[in-house]
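Since the structure comes first, as structure tokens, the remarks are kept for the end.
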Amino acid sequence: MHTVEVFSKKFYKRDPALVARDMLGKTLIRKLDSRILSGKIVETEAYYGRSDPASRAYKGRKRFNELMFLDAGRFFIYMVHANWLLNIVAHMEASVGAVLIRALEPLEGIEVMKKNRDTKDKRDLTSGPGKLTKALAITNELNGIDVTRTNEQLMLVRGEIESFSIGSSPRIGVKADLPQELRFYIKRNIFVSRYLRTG
DNA sequence: AGGAAGATCTACT
DNA sequence: GTAGATCTTCCTA
């Protein structure tokens, strides 16, 4: 059984790049009907506000990106190219930002994930931001869930404590990136999205 | 109405 | 590993 140990708001009220690094190795839990689907986060990207041309929030506060401007610590879900992408709002007090969850290592509910993704290849189930939302049946119905609450349909919990080394790279697929490397991943983990994988 | 968007899949070299 | 088609929302005009 799980020790459902979520993080406080404080964890998410920091620079998005720091939060993105610290989210690696944590466990994402999806409760679907009575089933549990879960995975370990192995790849993330940090996004900022008006200073970040790749951010949803770049052009200012709109209805569709409003969550990024509100308090840190909520799931933020939106669609790109027919894929739902899962983020967590994360930023310093009174700032703007979010962390995109780009890849998971499947842990529980793998048979359901295979069905959702229509593939038998475990490595292909959740190794991309659009893949993992499909595998875990995550849509914008779950938008706005508070990550500090337990017993929700979506949760981020501490999970197993383990050591690993972290790699970084420019963000993937963005038209205009910032100079810093804002993509983070667990080195040598085979569930990291394939392209641009280095370590 | 038209097009962009933080991606994925397939079909090739 | 790269190129091109295509998926679905939501934005701007």
Side-chain angles (χ1 to χ4, degrees), chain A residues 12 15-21 23-24 28 39 41-70 72 74-91 95-106 113-145 147 154 156 166-186 190-199:
Chain A
Y12 301 98
D15 185 292
L18 291 177
V19 179
R21 288 179 70 97
M23 279 169 55
L24 294 174
L28 184 73
I41 296 174
V42 299
E43 180 180 348
T44 57
E45 280 177 359
Y47 288 84
Y48 293 86
R50 288 181 185 278
S51 58
D52 181 355
S55 173
R56 293 306 268 193
Y58 181 53
K59 290 182 176 168
R61 181 166 170 167
K62 303 277 165 56
R63 202 174 77 253
F64 79 101
N65 62 20
E66 190 170 39
L67 279 174
M68 288 182 73
F69 291 77
L70 301 180
R74 284 178 184 281
F75 287 106
F76 171 46
I77 299 164
Y78 58 84
M79 175 158 283
V80 174
H81 292 108
N83 300 286
W84 293 112
L85 301 199
L86 177 64
N87 300 252
I88 294 180
V89 179
H91 52 72
S95 187
V96 183
V99 174
L100 170 67
I101 299 176
R102 286 195 53 90
L104 301 175
E105 174 177 337
M113 294 187 201
K114 285 179 176 170
K115 199 175 164 196
N116 290 346
R117 284 272 298 135
D118 194 25
T119 177
K120 289 178 179 169
D121 182 359
K122 184 178 175 189
R123 200 168 168 173
D124 195 37
L125 289 178
T126 53
S127 54
K131 295 178 183 179
L132 71 92
T133 54
K134 191 161 188 209
L136 301 196
I138 293 168
T139 69
N140 64 343
E141 283 181 28
L142 305 179
N143 193 34
I145 290 180
V147 295
L154 250 193
L156 189 141
I166 297 176
S168 67
S169 81
R171 293 174 295 187
I172 290 178
V174 306
K175 278 202 309 204
D177 206 351
L178 290 170
Q180 315 92 290
E181 298 195 328
L182 292 172
R183 170 177 176 249
F184 304 98
Y185 56 91
I186 294 181
I190 62 167
F191 296 98
V192 165
S193 69
R194 309 236 289 175
Y195 43 116
L196 289 193
R197 195 169 79 223
T198 49

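Proteins come first, then strands; the chains are lettered A, B, ... in the order of their sequence lines, and each starts at number 1. Values below: every heavy atom of this structure, side chains too, minus hydrogens, waters and symmetry copies.
Residue A:Y58 contributes atom OH, which lies 12 Å from atom P of B:dA5 at whole-angstrom precision. As rounded to whole Å, 17 Å separates atom P of B:dT10 from atom NE2 of A:H81. A straight line from CD of A:E181 to C1' of B:dG6 spans 17 Å, rounded to a whole angstrom. Between A:F64 atom CZ and B:dA5 atom C1' the separation is 10 Å, expressed in whole Å. For A:N140 and B:dA5, the CG to C1' distance is 16 Å, given to the nearest whole Å. B:dT8 atom P lies 13 Å from atom CG of A:L125, rounded to whole Å. Protein atom CD of A:E43 is 11 Å distant from nucleotide atom C1' of B:dG6, rounded to whole Å. Rounded to an integer number of Å, the gap from CD of A:E66 to P of C:dC10 is 14 Å.
Residue A:D124 places its side chain closer to B:dC9 than to any other of B:dC9, B:dT8, B:dA5. With B:dT8, B:dA4, B:dG6 as the candidates, the nucleotide lying closest to the side chain of A:K175 is B:dA4. Among the nucleotides B:dG6, B:dA5, C:dC11, the one closest to any side-chain atom of A:N87 is B:dG6. Considering only side-chain atoms of A:W84, the nucleotide from B:dG6, C:dT9, B:dA7 that sits closest is C:dT9. Nearest nucleotide to the side chain of A:M79, out of C:dT8, B:dA7, B:dC9: C:dT8. Across B:dG6, B:dC9, C:dC7, the shortest atom-to-atom separation from the side chain of A:A82 is found for C:dC7. Here the side chain of A:L85 is nearest to one of B:dT8, B:dG6, B:dA4, namely B:dG6. Of the candidates B:dA7, B:dG6, B:dA5, the closest approach to any side-chain atom of A:L100 belongs to B:dG6.
Using a 4.0 Å cut-off, some side-chain N or O of A:R117 falls inside it from OP1 or OP2 of B:dC9. Look at A:K62 and you'll find a side-chain N or O under 4.0 angstrom from OP1 or OP2 of C:dT12. Listed pair A:R56 / C:dC10 fails the phosphate criterion, with no side-chain N or O lying under 4.0 Å from OP1 or OP2.
The residue among A:K59 and A:V80 whose nearest nucleotide of DNA chain C lies closer to the 5′ end is A:V80.
As judged by a 4.0 angstrom heavy-atom cut-off over every strand, A:R63 is placed among residues making no nucleic acid contact.
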side-chain contact (heavy atoms from CB on, under 4.5 Å) assessment of A:I77 paired with A:T133: CA-CA 10 Å; A:I77 299 164; A:T133 54; 5.9 Å; no
Verdict with reasoning, A:K134 to A:D118, per side-chain contact (heavy atoms from CB on, under 4.5 Å): CA-CA 10 Å; A:K134 191 161 188 209; A:D118 194 25; 5.8 Å; no
Chi angles and distances behind the side-chain contact (heavy atoms from CB on, under 4.5 Å) call for A:Y58, A:D52: CA-CA 6 Å; A:Y58 181 53; A:D52 181 355; 5.5 Å; no
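With A:K131 as the partner, the side chain to side chain donor-acceptor pair (under 3.5 Å) test is satisfied by one option alone out of A:N83, A:T119, A:N116, A:D124: A:D124. Each of A:H91, A:M23, A:E45 was compared with A:V99 under the side-chain contact (heavy atoms from CB on, under 4.5 Å) criterion, and only A:M23 meets it.
Between the CZ atom in A:F76 and the CD1 atom in A:I88 there is a gap of 12.5 Å [rounded to 0.5 Å].
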Pairing pattern in dot-bracket form [Watson-Crick, G-U; both distances under 3.5 Å; | = partner strand] for DNA chain B: |||||.||||||.
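A:L132 and A:R102 get closest at one heavy-atom pair: CD2-C, 3.6 Å.
Counted by atom type alone, A:D15 and A:Y48 present one or more donor-acceptor pairs between their side chains at under 3.5 Å.
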